[in-house]
Enquirer: 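Quick one: structure below, then a few questions.
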There are 2 protein chains.
Amino acid sequence: MTTTSQYHHGDLHGTLIDAASARLEKFGIAGLSLRKLAEDVGVSRTAPYHHFKDKNALLSAIAAKGFDQWHQIAVDIFEDEHLPAEQRFKDFIHAYIEFATQHPQIYELMFGQTLWGEGKASDDLRDIAYPSFQYQVSMTRLWQEKGLLPQDQQALRLAQVTWATLHGIARLIIDGIYADASHIEEMCNCAAALFMQQHAAAPD
Amino acid sequence: MTTTSQYHHGDLHGTLIDAASARLEKFGIAGLSLRKLAEDVGVSRTAPYHHFKDKNALLSAIAAKGFDQWHQIAVDIFEDEHLPAEQRFKDFIHAYIEFATQHPQIYELMFGQTLWGEGKASDDLRDIAYPSFQYQVSMTRLWQEKGLLPQDQQALRLAQVTWATLHGIARLIIDGIYADASHIEEMCNCAAALFMQQHAAAPD
DNA sequence: CAGTTAAATTGACACTGTCAAGATTCAATT
DNA sequence: AATTGAATCTTGACAGTGTCAATTTAACTG
């Protein structure tokens, strides 16, 4: 019951998620092979299928962890009362891109077609992802009320467009189109300035 | 030399691209199997390898076609002197999203990590894709000079951010995250208004 | 017509995800 | 404590995939 090989693994579910996360970061989502993964963990090829319906179910579990992680970051920024709203908005933008670029494979999982395409997304995944966006909508609404963001737009649309912008920047980097990563900072600043525009100059 | 089965296909190169494009639109990039493709064309599994180095080389050829197609659309809009600049900017936005949503698989190919990821992109692909973006930068610069877009930003940054926004919207739809396609129009309008802001209200 | 080259072929290899049947262990009930 | 039932893990197998090597066939070139 110590280190000797045991028929029942004990916590294969959790171990698989950990090992899969590690493999994912190294080899990407396509390079994550269930068979190699099983070998890593020291278990037969089909053992994982007793804990996850299929490969996507395992990936969903990893994505869920990613959503928790990101949501925590977003909340920390938004609820930091010390900083002025403008700074928090900028921080939010930079944090988003930083999260995406530092965990590209997880980001791809969270927002890529592997899990979302063709209505593949499970209800579990939806239930985790949607609140995260709803939270951003409420943040947007508040920034609008504070006069930081344009008030002549619906909060939902504004949130969708700002998110799309961040998502677009993230993907262009992650997917290898913007190979030159040295200008990311400036792009973020440009995006922030665009969204705030006249409001940016006022408080300072 | 007519319709009888012939050992040499004649124009396998072109036929493969056509058949692959058709298969791509139906089954997506992952569902495009070289073997099935060869079967469609009536040729052995490895015949395509005498015309394309590997699967990615074939996909690159299809992507190249897509770039040509899109560039033509962009040029047509930008050079339509009949319309005011503001309208052309809006048209450009809508055309981009329309192109992406009507040819999702090709768009994925053109801007996805399949061809671009990890420095995979061939020089040929780069030589086709870059001018397309450079053209958009020059369009942005002109719109700035006309006072349509903010002038306190570098044209390059502005073009990058606007492109990122469009790319983000496109991907969120294509990848199945924005399943509700009924609000795409409004999102595009919101994005256009954001970029133009004060300038939008002036001419009307 | 001979010889080189290009094009297409079969065979094979190393992978992949996943299903079906059987073996093993654990947990709970008699 | 023994038996039953469920959970867990195993081997075997199937249908795919991209791609390489060696080989045959056709077409061009001198």
Side-chain angles (χ1 to χ4, degrees), chain A residues 1-20 23-24 26-63 105 109 112-115 117-118 120 122, chain B residues 1-20 23-24 26-63 105 109 112-115 117-118 120 122:
Chain A
M1 192 180 285
T2 55
T3 56
T4 64
S5 76
Q6 55 217 26
Y7 194 91
H8 280 68
H9 181 281
D11 181 27
L12 186 54
H13 185 96
T15 307
L16 278 173
I17 293 181
D18 290 346
R23 249 190 181 278
L24 179 73
K26 268 190 205 149
F27 306 105
I29 163 172
L32 198 166
S33 148
L34 281 201
R35 298 172 98 109
K36 293 242 173 80
L37 185 63
E39 201 176 3
D40 279 3
V41 175
V43 93
S44 81
R45 308 123 236 176
T46 60
Y49 285 88
H50 293 92
H51 298 269
F52 299 97
K53 181 180 149 287
D54 54 14
K55 187 177 178 180
N56 267 12
L58 171 57
L59 294 177
S60 280
I62 298 177
Q105 320 288 4
L109 217 51
Q113 67 189 149
T114 309
L115 298 183
E118 296 283 335
K120 279 192 276 190
S122 67
Chain B
M1 192 180 286
T2 54
T3 55
T4 63
S5 76
Q6 54 217 26
Y7 194 90
H8 280 67
H9 182 280
D11 181 27
L12 186 53
H13 185 96
T15 307
L16 278 173
I17 293 182
D18 290 346
R23 250 193 180 278
L24 179 74
K26 269 192 204 148
F27 306 105
I29 164 173
L32 198 167
S33 151
L34 281 201
R35 299 172 98 110
K36 293 243 175 78
L37 186 63
E39 200 175 5
D40 278 5
V41 176
V43 93
S44 80
R45 308 120 234 175
T46 60
Y49 285 86
H50 293 92
H51 298 269
F52 299 97
K53 181 182 149 285
D54 54 14
K55 187 178 178 180
N56 268 12
L58 172 56
L59 293 177
S60 281
I62 299 177
Q105 320 287 4
L109 217 51
Q113 67 190 151
T114 308
L115 297 183
E118 296 282 333
K120 280 191 278 190
S122 69

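Not measured: the values here are computed from a predicted model. First the proteins, then the strands, lettered A, B, ... as listed; each starts at 1.
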Enquirer: What pairs with A/R23 under side chain to side chain donor-acceptor pair (under 3.5 Å), at least two apart in sequence or on another chain?
Expert: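 With sequence neighbours excluded, A/R23 shows a side chain to side chain donor-acceptor pair (under 3.5 Å) to A/D40, given in chain and number order.
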
Enquirer: Identify the pairs formed between an N or O of the protein and an N or O of nucleotides 21-23 of chain D at a distance under 3.5 Å, and give each distance.
Expert:
none

Enquirer: Just the rounded figure in Å: distance from C1' of C/dA7 to CG of B/D11.
Expert: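 Rounded to the whole Å, the gap is 13 Å.
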
Enquirer: Sequence neighbours excluded, which residues qualify as side-chain contact (heavy atoms from CB on, under 4.5 Å) partners of A/N56?
Expert: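 By the side-chain contact (heavy atoms from CB on, under 4.5 Å) rule, A/N56 matches A/D54, A/L59, A/T114, A/L115, A/K120.
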
Enquirer: Considering the terminal five base pairs at each end of the helix from C/dG3-D/dC28 to C/dT30-D/dA1, what angle separates the two local helix axes, rounded to 10°?
Expert: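 Inter-axis angle at the termini of the helix from C/dG3-D/dC28 to C/dT30-D/dA1: 10°.
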
Enquirer: To the nearest Å, how far apart are A/R23 CZ and C/dT16 C1'?
Expert: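 Checked: the CZ to C1' distance equals 13 Å.
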
Enquirer: Atom CG of A/L58 to atom C1' of C/dG17: distance rounded to whole Å?
Expert: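 Spelled out: CG on A/L58 to C1' on C/dG17 is 13 Å.
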
Enquirer: Roughly how many Å is it from NE2 in B/H13 to C1' in C/dA6, rounded to a whole number?
Expert: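 It works out to 15 Å between those atoms.
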
Enquirer: Please determine if a side-chain N or O atom of A/H51 lies less than 4.0 Å away from the OP1 or OP2 oxygen of D/dC9.
Expert: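 Yes, because at least one side-chain N or O of A/H51 sits under 4.0 Å from OP1 or OP2 of D/dC9.
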
Enquirer: Once you round it to whole Å, what is the distance between P of D/dG18 and OH of B/Y49?
Expert: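 Rounding to the nearest Å, OH of B/Y49 and P of D/dG18 are 6 Å apart.
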
Enquirer: So which heavy atom on A/R45 is nearest to which on A/P48, and how close?
Expert: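 That would be O-CD, 3.4 Å.
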
Enquirer: Hey, could you give me the CG/NE2 distance between B/L16 and B/H50, rounded to the nearest 0.5 Å?
Expert: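 Atom-to-atom, B/L16:CG and B/H50:NE2 are 12.5 Å apart.
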
Enquirer: I want to verify a distance call: between D/dG18, D/dC9, C/dA8, whose nearest atom is closest to the B/K55 side chain?
Expert: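 The closest nucleotide is D/dG18.
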
Enquirer: What integer distance in Å separates B/D54:CG from D/dG18:P?
Expert: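 Checked: the CG to P distance equals 11 Å.
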
Enquirer: CG of A/L59 versus C1' of C/dT16: gap in Å, rounded?
Expert: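 Value for this atom pair: 14 Å.
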
Enquirer: For the residue pair B/L109 and B/A63, what are the closest heavy atoms and their distance?
Expert: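 Of all heavy-atom pairs spanning B/L109 and B/A63, the closest is CD2-N, 4.2 Å.
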
Enquirer: Side-chain N or O of B/R45 less than 4.0 angstrom from OP1 or OP2 on D/dG18?
Expert: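 Negative; the distance criterion is not met.
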
Enquirer: Among residues 32-41 of chain A, which residues get a heavy atom nearer than 4.0 Å to DNA chain C?
Expert: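 Only A/L32, A/S33, A/L34, A/R35, A/K36 qualify.
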
Enquirer: Would you please name every residue forming a ring-ring contact (aromatic ring centres under 6.0 Å, His included) with B/H13, sequence neighbours left out?
Expert: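 Partners of B/H13 under the ring-ring contact (aromatic ring centres under 6.0 Å, His included) test: B/F52.
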
Enquirer: Once rounded to the nearest 0.5 Å, what's the spacing between atom OG of B/S122 and atom NZ of B/K53?
Expert: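 NZ of B/K53 is found 9.5 Å from OG of B/S122.
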
Enquirer: Determine the minimum heavy-atom distance between B/Q105 and B/L24, stating which atoms define it.
Expert: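 Nearest pair, atom of B/Q105 first, then B/L24: CG-O, 3.4 Å.
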
Enquirer: Cut-off 3.5 Å, no hydrogens considered: what does the side-chain donor-acceptor table look like for residues 26-39 of chain A, sequence neighbours left out?
Expert:
residue : atom : partner : partner atom : Å
A/S33   : OG   : A/R35   : N            : 3.2
A/S33   : OG   : A/K36   : N            : 3.1

